[in-house]
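The chains referred to below are lettered A, B, ... by the order of the sequence lines, with proteins before strands, and numbering in each begins at 1.
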Amino acid sequence: MRIGELARQTGVSARSLRYYEQQGLVHSTRSAGGQRLYAATEVARVEIIRRLFDAGLSSKVIARVLPCVDSGTADVTEDAFTTMVGERDRLTADIARLVETRDALDELIAANVRHQIGLRRGDRGAG
DNA sequence: ATTCTGACA
DNA sequence: TGTCAGGA
């Protein structure tokens, strides 16, 4: 498939897909006219990449970890493994921070519901 | 109509 | 990353 279809199937823009390729994250062949051609398996790969980016991993880190995604079992480099463990720990810390922020918002919400009740009737409320 | 590379707000 | 230029 060409870049447009991959973009539609993954929700990742063609611009980002070209960027992913520059970073060595995705592979493509070229048509006679120079257009990128992707294997159907790249869809799942791109989805994983996008999720890692969303989770805060850098393109550099993602590139280091991706080989493990393909191999699944075999040659897992040591630095790749330690990188994954480190990123997992960072995500755990990020999650904890997000929960704290949500708790803070919950308190703010609880402290302000009464005002909303006074201002609006039939309000579905925040909880 | 779609994609490509390079470059910049 | 979005978007425009200038080509294929």
For the pair made of OH in Tyr38(A) and C1' in dT3(B), what is the distance, rounded to whole Å?
10 Å

In this structure, how many angstroms lie between the C1' atom of dT3(B) and the CD atom of Glu21(A), rounded?
13 Å

Does any nucleotide pair with dT2(B) by Watson-Crick or G-U wobble geometry, both distances under 3.5 Å, and what is it?
dA8(C)

In short, Ala39(A) meets Met1(A) closest at the heavy-atom pair O-CE, 3.9 Å

Hphob cluster co-occupancy, Val69(A) + Leu57(A), side-chain heavy atoms under 4.5 angstrom:
yes

Classify the side chain of Arg15(A) versus the base of dT3(C) as yes if they form a donor-acceptor pair under 3.5 Å and no if they do not.
yes

Whole angstroms only, please: what is the OH-C1' distance between Tyr19(A) and dC8(B)?
17 Å

Please determine whether the number of non-hydrogen atoms from other residues, nucleotides or ligands lying under 6.0 Å from atom CZ of Arg30(A) exceeds 12.
yes

Tell me whether the side-chain N/O atoms of Ser16(A) come closer than 4.0 Å to OP1 or OP2 in dT1(C).
yes

Under a 4.0 Å N-O cut-off, is there an ion pair linking Arg90(A) with Glu87(A)?
yes

Which whole-number value in Å describes the distance from Ile3(A) CD1 to dT1(C) P?
13 Å

Of Gly33(A) and Phe53(A), the one whose nearest nucleotide on DNA chain C sits closer to the 5' end is Phe53(A)

Please examine the side chains of Val46(A) and Tyr38(A), heavy atoms only from C-beta on, and report whether any two atoms are closer than 4.5 Å.
no

Rounded to whole Å, the CZ-P distance (Arg30(A) to dT2(B)) equals 19 Å

Between CG of Leu25(A) and P of dT1(C) the distance, given in whole Å, is 11 Å

For a quick test of reading the model: is some side-chain N or O of Arg36(A) closer than 4.0 Å to OP1 or OP2 of dT3(B)?
no

dT2(B) C1' sits how many Å from Leu17(A) CG, rounded?
14 Å

Starting from the 5' end of DNA chain B, give me the residue, Gln35(A) or Gln22(A), whose nearest nucleotide shows up first.
Gln35(A)

Rounding to an integer number of Å, can you tell me how far Leu37(A) CG sits from dT3(B) P?
11 Å

